[in-house]
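Labels below follow one simple rule: chain letters A, B, ... track the order of the sequence lines, proteins then strands, and each chain is numbered from 1. Worth knowing before you read on, the calculation uses all heavy atoms, side chains too, and leaves out hydrogens, waters and symmetry mates. In this text, all values refer to a predicted model and were calculated from it rather than measured experimentally.
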Protein chains: 2
Amino acid sequence: MIKKKLSIVDIANKLNISKTTVSFILNGRAREKRISEELVERVLKFVKEVGYKPNSLAKSLRTGKSHIIGLMVENIADPFFANIARYIEDRAYKNGYRIIYCSTDNDADKTRDLIAMFRDRHVDGYIIAPPVGVEEDIAELLKDDLPVVLFDRYFPGIDCSYVVTDNLDSTYTATEYLVEQGYKKIAFITLESHQTQMQARLDGYKKALEQNNLNPYIKEVAFNQDVKYMSEPIADFLKNNKDLDAIIFGTNRIGTCGLKVIQNLDIRIPDDVAIISFDDHDVFELYSPSITAIAQPVEEIAANTINILLSKLDSSTSNIDQKKVTLQNDLIYRGSSQVNAKLSAVK
Amino acid sequence: MIKKKLSIVDIANKLNISKTTVSFILNGRAREKRISEELVERVLKFVKEVGYKPNSLAKSLRTGKSHIIGLMVENIADPFFANIARYIEDRAYKNGYRIIYCSTDNDADKTRDLIAMFRDRHVDGYIIAPPVGVEEDIAELLKDDLPVVLFDRYFPGIDCSYVVTDNLDSTYTATEYLVEQGYKKIAFITLESHQTQMQARLDGYKKALEQNNLNPYIKEVAFNQDVKYMSEPIADFLKNNKDLDAIIFGTNRIGTCGLKVIQNLDIRIPDDVAIISFDDHDVFELYSPSITAIAQPVEEIAANTINILLSKLDSSTSNIDQKKVTLQNDLIYRGSSQVNAKLSAVK
DNA sequence: TAGAATCAATTTATCGATTTACCAATAATT
DNA sequence: AATTATTGGTAAATCGATAAATTGATTCTA
């Protein structure tokens, strides 16, 4: 015996009043609509008693609002994105919004599909780490005046709010730091990607090398969900460049993957090569020696992103000015990149 | 100028036919409804041309179906859950289902709230790692014949499909293994939790110690999103039990957190203590010495879970038999728990 | 005292789809 | 000849809410 869920009509019938009245009362418009105190109380009491909850689907269909925010990350299994998602979810929840998230896999088609789904589920706002190829879809959302905030990467050609970090500066600083320590053959192992943040990381590295008249050693590996397909190209690269004295990894996945390869090849850190990786990670902190990392301010990224979106949702006025935030990353100096660490490791 | 989205009525009007006909054609019921080939083609062509997509919200309101699966994990930032979520999402996507996930934080109230949200957004099925306290809400879903699959933990009193691993057996085996290697003062550091899986892990440990007439050393720490609040009690425990010769950690978070504490206290692994942790993790593989871990078959858990749910969704017949799956975990032997590792470390 | 305003709700339209019930014309069956 | 099926669709009801328009009784205003 399935207990059919109550609808507003059932409530109205049971109380012998109109459903509109019920609706007004439940939406706090009783005073405005001059509905008697007595009736208001009677309705609220009854609603509470039977545990009636309005069907939010029908509500959304009518109002166009859902109190849901769509969050699209590259891969929810990546700790960087998972942590951001987590933080955003918390803040949103406390502000009465629910989050639904999904992974784009950096696949433009899948992303388009997901945007469409979000859209016709009437999500109130969009937080997206967009893959290359969805520029038009983002533009479309903006044209229709929907609140969008991008993060981690952005589209230079599109006037849309975003929160990113200063990637170029970070790898520049990291590379400079290695150069200062006397390293000369510094490699950059990164993901094959045209996204702004990945390009900027590469550019920062190149800029530092150029300024110091050093040769770049760049290896771009194709992304693969399965780590073993990324290990091989890295291993090949390292075998073919035995004289490297430092490596910068472009992401945490590449970094952890690279560490495994290095361990397998019996390359010693920092005696044989110094290491710096983008993104901090438990592994980098616990590894021996600990790995110097470019830590992105995860909480700050998340906080800025959700704040911008919430303010857009608040202001009924469709404010045209898009907020663009670039945060500074933090270079966490650890043993893997320090010359004196070499000494202590030898001793 | 906002380009208003097309509705089925617009399509019907433009073609001078009834919206019903359009609906039938788009839902593949043209043949059944004896609609002429010619008209079918005309409609399909036009729909494609203008890029019309039915509003899924309205569709859901009418049909009660959404092709969306709700996935509730404890914490999406935990790699164990993130990976399961990822895998489930992939499989679901390939089967025409979208996933919306969220974190329960093991908070019964929040979970109840989220279940309600899923419910009135008309998700077609539920995959839940349930916190203690939502037994009745799960029972309610089942009573209303909604497809539910639990994973990671379950409720012994409720007849509901689930996929879990043999937690008791795993910690039993791990503990036995340590005992065989000659360890006598074996501690179990775990999360304070009444969930079945955490209880089973504890029970496996206790059982092994009992059978070997050894004393248990148990430390339960309260969960906290912020790792530092978990480090302190662990540190205190270790300081007060300097004579321990082995430690088993109950989860990967406790494990990585514990490793940091151990590093800070300058306790050597495995010379001072042997270590085994539940759940595998990059850190455990890369740590030096590498950490023995009880690896849960993440892909298998995810595959079983989503398969059960999909089969429930497929069979229009509400099959009453709930599927209950218990998978075996894999003890990955590494340096941190091996006596011979001690030797090689000393040498 | 006619007309306007207020009161306290109600009736009806609407969101955008699906589903049920029905129709009129012709063909087939009893 | 009367009934039933088939054909190719359409009109109206429905899902569960909100929003706009309306109502009938009373009270205020000019």
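- Taking only distance into account, the side chain of B:R34 never meets the base of D:dT6 through a donor-acceptor pair shorter than 3.5 Å.
- Minimum interatomic distance between B:S60 and A:L57 (heavy atoms only, all atoms of both residues): CB-CD2, 3.5 Å.
- If B:E38 and A:I8 are placed on DNA chain D by their nearest nucleotide, the residue sitting closer to the 5' end is B:E38.
- We find that NZ of B:K53 is positioned 17 Å from P of C:dG16, with the value rounded to whole Å.
- A:V132 and A:F155 make their closest contact through CA-CE2, 4.3 Å (heavy atoms, listed as atom of the first residue, atom of the second, distance).
- Regarding A:R62, its CZ atom lies at a distance of 9 Å from the P atom of C:dG16, rounded to whole Å.
- Side-chain N/O atoms of B:N106 and B:R153 include a donor and acceptor closer than 3.5 Å.
- Among the nucleotides D:dG9, C:dT18, D:dA17, the one closest to the side chain of A:K59 is D:dA17.
- Checked against D:dG16, C:dA9, D:dG9, the side chain of A:A58 finds its nearest nucleotide in D:dG16.
- One atom, NE2 of B:H122, and another, C1' of C:dT18, lie 14 Å apart when rounded to the nearest Å.
- For B:S36, a side-chain nitrogen or oxygen approaches OP1 or OP2 of D:dG9 to under 4.0 Å.
- Comparing C:dA13, D:dG9, C:dA9 against the side chain of B:I35 picks out D:dG9 as the nearest.
- The residue A:L61 sits close to a base: some heavy atom pair falls under 4.0 Å.
- Ring orientation note: the planes of A:Y97 and A:H67 are close to parallel, at an angle under 30° on the 30°/60° scale.
- Outside the 6.0 Å centre-distance limit, the rings of B:Y162 and B:F151 are not counted as a close aromatic pair.
- No hydrogens or angles considered: nothing links the side chains of A:S103 and A:E74 as a donor-acceptor pair under 3.5 Å.
- Between the CG atom of A:L6 and the C1' atom of D:dC15 there is a distance of 15 Å, rounded to whole Å.
- Between B:I11 and B:V50 there is a side-chain heavy-atom pair separated by less than 4.5 Å.
- Near DNA chain C, meaning a heavy atom under 4.0 Å from it, residues 18-32 of chain B has B:K19, B:T20, B:S23, B:F24, B:N27, B:R29 in order of number.
- A:R121 and B:S56 are linked by a side-chain donor-acceptor pair at a separation below 3.5 angstrom, with hydrogens and angles left out of the test.
- For the pair B:Y52 and C:dG16, the criterion of a side-chain N or O lying under 4.0 Å from OP1 or OP2 is not met.
- The distance between atom CG of B:L15 and atom P of D:dT10, rounded to the nearest whole Å, is 11 Å.
- A:L57 comes within contact range of no nucleotide atom at all, as no heavy-atom separation falls under 4.0 Å.
- Taking every heavy atom of residues 41-48 of chain B and every atom of DNA chain C, no pair lies under 4.0 Å.
- With DNA chain D read from its 5' end, the first of the two nearest nucleotides for A:S7 and A:K33 is the one closest to A:S7.
- Figure legend: cation-pi geometry between B:K324 and B:Y154 absent, as NZ or CZ is not positioned both under 6.0 Å from the six-membered ring centre and within 45° of its axis.
- Note: CG (B:N55) to P (C:dT14) measures 17 Å, nearest angstrom.
- For the pair B:E300 (side chain) and B:V298 (backbone), a donor-acceptor distance under 3.5 Å is absent.
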